[in-house]
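Here is the structure we will look at, set down as structure tokens.
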Amino acid sequence: MPNLSTLHINTALTDYAIALSNDTQQFMATKLCSTKRVKMPSGKITVLNREDAKGPALGSNQRMLSSLQGPKASAVEIEPTVTNVSYACHRYAYKIPVSDEELQISDKPLQPLRDAAKHIFNRLMIDQEILVSRLCCTAANYASGYQTTLTTGANGTSWNKTSAAGTGSDPLNNIRDARIKIEKNIMKQANTLAMSKRTMLHLADHDDLKSIYQYTDPNYIDRDGMHEHLKGLRVVTGDAVYDTAAEGASYTGDYIFGDLSQAAGSTDVAIVLYQQPGELGLYDFASFIMLLAPDATTGTYGLNLRSWRDDDRRAWMVEGSITCDIQPGIVDGSGLITGAYCYTATTV
């Protein structure tokens, strides 16, 4: 990266970056993580504080609560506590040289720069999706009681009816149990059901939903068969695909969102969680948090695209970067996730 005196902030690329940032529907990072902006690349953030839900000490009289104020007495003083956890935002960046020859032969001189910017954007979004999947979809990251591995075979509990013959498959009750579990812990209503793509397709074909949706919801035919909401939860699906093959090998595509600690395509997930609408404030919390730090060069948040002239290479360099960290918002004493509930299976 050049020094600031040689850097050229390309206005056209900056505008293009803003447009690309809105084209993230297939990626899960913005659909299940709540965002929090931080001023420094590393530091501490506040996490769930249960003091807000502290119940009063109960007396023998039904009106004798700890907040009861007697005549001429002062209000009961309470001391809120704040819990902090450490974070570290890292800078992720790619750059592509665009030669003078490419610009000269292009019908639209800006197009090679835009093509490079779009390629960088896609690579950065894939990297970000992998970060999210490694945190959210790995069963070992969840505390005991907040993760269930569904089974296949006779009376299996998998949501894929073709691999779980019998009566054991019961996704609606699974979702209910997960909601009760996390709502008692986080003191807020779960509002999101995040699923890998195969999980969503299997669930849409499940008898418990198909018998309802096929006659009542036009999306069952017109789209992917899954309604936007299910039992009060917003349904989001990881649609993004990446190349799992080694560098130089033939292309092998697979969905990103899933348990990447396993073999490609072997483990799918469904996660019940709470996402805070909008950007998180100082004391807000959510099941998963994406922390955004300002770029070290431009001082702006989120995706940054820039270009500069490299005369030695007779080319313009196009660089894109994002400085971020992905954190669970609610954890136990061992740092394991307790603010979401995760179902995993070879075919959920």
Are any side-chain N or O atoms of Ser169 and backbone N or O atoms of Ser158, one a donor and one an acceptor, separated by less than 3.5 Å?
-> yes
Do the side chain of Ser287 and the main chain of Tyr274 share a donor and acceptor less than 3.5 angstrom apart?
-> yes
Answer whether the closest heavy-atom distance between the side chains of Thr157 and Asp170 falls below 4.5 Å.
-> no
State, with a plain yes or no, whether a side-chain heavy atom of Thr148 is found less than 4.5 Å away from one of Asn174.
-> no
Quick one: do Phe257 and Tyr255 satisfy ring pair (Phe, Tyr, Trp, His ring centres under 6.0 Å)? Show the steps, please.
-> CA-CA 6 Å; Phe257 191 70; Tyr255 298 110; over 10 Å; no
Are any non-hydrogen side-chain atoms of Arg234 and Gln275 less than 4.5 angstrom apart?
-> yes
Any donor-acceptor N/O pair, Thr199 side chain to Ala270 backbone, under 3.5 Å | no
Determine, step by step, whether Arg198 and Asp254 satisfy the salt bridge (charged side-chain N to carboxylate O under 4.0 Å, His left out) criterion, reporting the C-alpha distance in whole Å, the side-chain angles of both residues, the deciding distance to 0.1 Å, and the verdict.
-> CA-CA 11 Å; Arg198 281 177 294 262; Asp254 194 22; 3.2 Å; yes
Hey, does Pro328 have a side-chain heavy atom less than 4.5 Å from the side chain of Asn141?
-> no
To the nearest 0.5 Å, how far apart are CG in Leu291 and CD1 in Ile326?
-> 7.5 Å
Could you check if a side-chain atom of Arg179 sits within less than 4.5 angstrom of a side-chain atom of Gln189, using non-hydrogen atoms only?
-> yes
Main-chain N/O of Ile120 paired to Glu319 side chain as donor or acceptor, under 3.5 Å | no
Contacts of Asp239 meeting side chain to side chain donor-acceptor pair (under 3.5 Å) (sequence neighbours excluded), chain-then-number -> Lys197
Taking the side chain as every heavy atom from C-beta outward, state whether Val272 and Leu193 have any atom pair closer than 4.5 Å.
-> yes
Answer yes or no: is there a donor N or O on one side and an acceptor on the other, between the side chain of Lys36 and the main chain of Glu279, under 3.5 Å?
-> no
Between Tyr94 and Asp127, is any side-chain donor less than 3.5 angstrom from a side-chain acceptor?
-> yes
Compare all side-chain heavy atoms of Met28 with those of Val236 and state whether any distance is below 4.5 angstrom.
-> yes
Is there side-chain contact between Phe27 and Val132, with heavy atoms separated by less than 4.5 Å?
-> no
Polar side-chain atom of Gln69 near backbone of Ala73 as donor-acceptor pair, under 3.5 Å | yes
Please answer whether the main-chain N or O of Asp295 pairs with a side-chain N or O of Thr323 as donor and acceptor at a distance below 3.5 Å.
-> no
